[in-house]
Amino acid sequence: MNKVPIFTDFLYEWDVPKDVLDVARGFALSAPYHTSVKNQTSYPEHYFSDAFDPVREWVDERLEEIRVDLGMEFEALKSTVFWATKSNKGQWHHCHKHGISFASGIIYLSPSGAETWFSRQSIWGPDHTGIALHDEVKCSLLHKRKTEVGKLIVFPSGLLHSVTEHNKPEPRYCMSFNSYPSGLLGSFSDKHSRRLLNITVNQKQ
């Protein structure tokens, strides 16, 4: 028997300008965190400040690049919520995905030997059957991403992702966000009947 691998895809990546990175790092370092065994996450309200606007605006510019590149038929793709994650030595992040979001991103703020793993649920474990697979075959690992300080990566929010154990004495910090279509969305093409919905994304409280 021979198993034939299938599917290829892509993520988006940018270098973060120093001034934007400095603001993001400052907010992450000053944020209050709630803790768990796996990692520590900051509260989103910390990022509603006007002082955080350079990060929010730069991220939204990158999201617009994605919208144009994908040819999506909605007016804008806007960030909706930001948060930071702090991992002490030995802490990690479980495999998960993000609901009520189109694209999610990570800005790496500090050095770490940890990797972000991106996975896809195995096509042999569809939800509709109700038949469980053993853990080791539930997901197909797609990509291992090393922590690179000053990099932004953006990926589909429904893509399973996790982070391996942080192995340095100093904490690992990263900034994350979700996004959602904003404005008119539907079918803009003259070849189809237009079905438009107007969505307002409130980025700041």
Side-chain angles (χ1 to χ4, degrees), residues 6-24 27-28 31 41-85 93 95-109 116 118-121 123 126-128 142-143 145 150-162 174-205:
I6 61 175
F7 299 134
T8 59
D9 226 312
F10 59 92
L11 308 177
Y12 290 95
E13 174 190 279
W14 289 267
D15 292 316
V16 184
K18 184 179 183 304
D19 58 332
V20 174
L21 192 65
D22 288 344
V23 174
F27 268 80
T41 306
S42 65
Y43 295 92
E45 294 82 0
H46 184 63
Y47 306 98
F48 294 155
S49 166
D50 291 344
F52 191 70
D53 282 350
V55 179
R56 190 180 356 262
E57 292 168 0
W58 184 81
V59 163
D60 282 350
E61 290 172 2
R62 306 293 74 76
L63 291 171
E64 174 63 9
E65 290 182 39
I66 292 174
R67 186 194 68 83
V68 172
D69 185 64
L70 292 176
M72 304 305 295
E73 290 188 320
F74 46 78
E75 284 189 305
L77 181 60
K78 296 285 189 180
S79 57
T80 55
V81 62
F82 286 82
W83 68 96
T85 301
H93 206 336
C95 188
H96 66 288
K97 56 186 177 180
H98 299 178
I100 318 178
S101 179
F102 179 85
S104 299
I106 304 170
I107 299 175
Y108 296 107
L109 301 175
T116 305
F118 295 96
S119 308
R120 174 179 279 143
Q121 181 170 321
I123 59 174
D127 293 336
H128 66 82
L142 301 176
H143 179 63
R145 179 61 196 238
K151 290 286 189 180
L152 162 67
I153 57 172
V154 179
F155 53 92
S157 299
L159 180 62
L160 291 167
H161 53 287
S162 56
C174 66
M175 181 76 63
S176 301
F177 61 85
N178 286 338
S179 68
Y180 206 77
S182 182
L184 291 176
L185 64 153
S187 178
F188 296 165
S189 171
D190 291 335
K191 296 180 181 179
H192 304 281
S193 60
R194 297 190 176 191
R195 298 179 299 277
L196 301 177
L197 177 66
N198 193 18
I199 292 180
T200 300
V201 171
N202 184 16
Q203 297 176 278
K204 293 163 61 177
Q205 299 296 313

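Quantities reported herein were computed from a predicted structural model and do not represent experimental measurements. The first residue in the sequence is number 1, and the count goes up from there.
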Exercise. Compare all side-chain heavy atoms of Phe102 with those of Leu63 and state whether any distance is below 4.5 angstrom.
Key: no
Exercise. Determine the minimum heavy-atom distance between Lys78 and Ser182, stating which atoms define it.
Key: CG-CB, 3.8 Å
Quiz item: Does a donor on one side chain and an acceptor on the other come within less than 3.5 Å for Asp60 and Ser79?
Solution: yes
Practice problem: Quick one: closest heavy-atom pair of Ser176 and Ile106, and the distance? | Solution: OG-CG1, 4.1 Å
Quiz prompt | pair Leu159-Asp9: side-chain heavy atoms closer than 4.5 Å | solution = no
Quiz item: Minimum heavy-atom separation for Val20 to Pro54, with atom names?
Solution: CG2-O, 4.0 Å
Quiz prompt | Approximate separation, where rounding is to 0.5 Å, of Phe177 CZ and Ser104 OG | solution = 7.5 Å
Quiz item: Taking all atoms of both residues into account, what is the closest heavy-atom pair of Cys95 and Leu160, and its distance?
Solution: SG-CB, 3.8 Å
Quiz prompt | ring pair (Phe, Tyr, Trp, His ring centres under 6.0 Å) against Phe52, all qualifying residues, sequence neighbours excluded | solution = Phe27, Tyr47, Phe82
Self-check item: Arg62 (side chain) donor-acceptor with Trp58 (main chain) under 3.5 angstrom
Solution: yes
Self-check item: Leu152 side, atom CG; Trp14 side, atom CH2 - distance, nearest 0.5 Å
Solution: 6.0 Å
Quiz item: Are the side chain of Thr85 and the backbone N or O of Cys174 linked by a donor-acceptor pair below 3.5 Å?
Solution: no
Quiz prompt | CG-CD distance between Leu70 and Glu65, expressed to the nearest 0.5 angstrom | solution = 11.5 Å
Self-check item: For the student: nearest non-hydrogen atoms of Asn178 and Ser157, plus distance
Solution: OD1-OG, 4.4 Å
Exercise. Identify, with sequence neighbours excluded, every residue that meets salt bridge (charged side-chain N to carboxylate O under 4.0 Å, His left out) alongside Glu13.
Key: Arg145, Lys151
Quiz item: Does any non-hydrogen side-chain atom of Thr116 lie less than 4.5 Å from one of Tyr108?
Solution: yes
Self-check item: Side-chain heavy-atom pair Met72, Leu77 within 4.5 angstrom cut-off
Solution: no
Practice problem: Mind checking ring pair (Phe, Tyr, Trp, His ring centres under 6.0 Å) for His98 and listing every partner two or more places apart, or none if nothing turns up? | Solution: Trp83, His96, His161
Quiz item: Angle class for the Tyr12/Phe10 ring planes (parallel below 30°, perpendicular above 60°, tilted otherwise)?
Solution: perpendicular
Quiz item: Are any side-chain N or O atoms of Arg67 and backbone N or O atoms of Phe74, one a donor and one an acceptor, separated by less than 3.5 Å?
Solution: yes
Exercise. Look only at the side chain of Ser179 and the backbone of Ala103, and say whether a donor-acceptor pair between them is shorter than 3.5 Å.
Key: yes
Quiz item: Any idea which heavy atoms bring Val23 and Val55 closest together, and the distance?
Solution: CG1-CG2, 3.7 Å
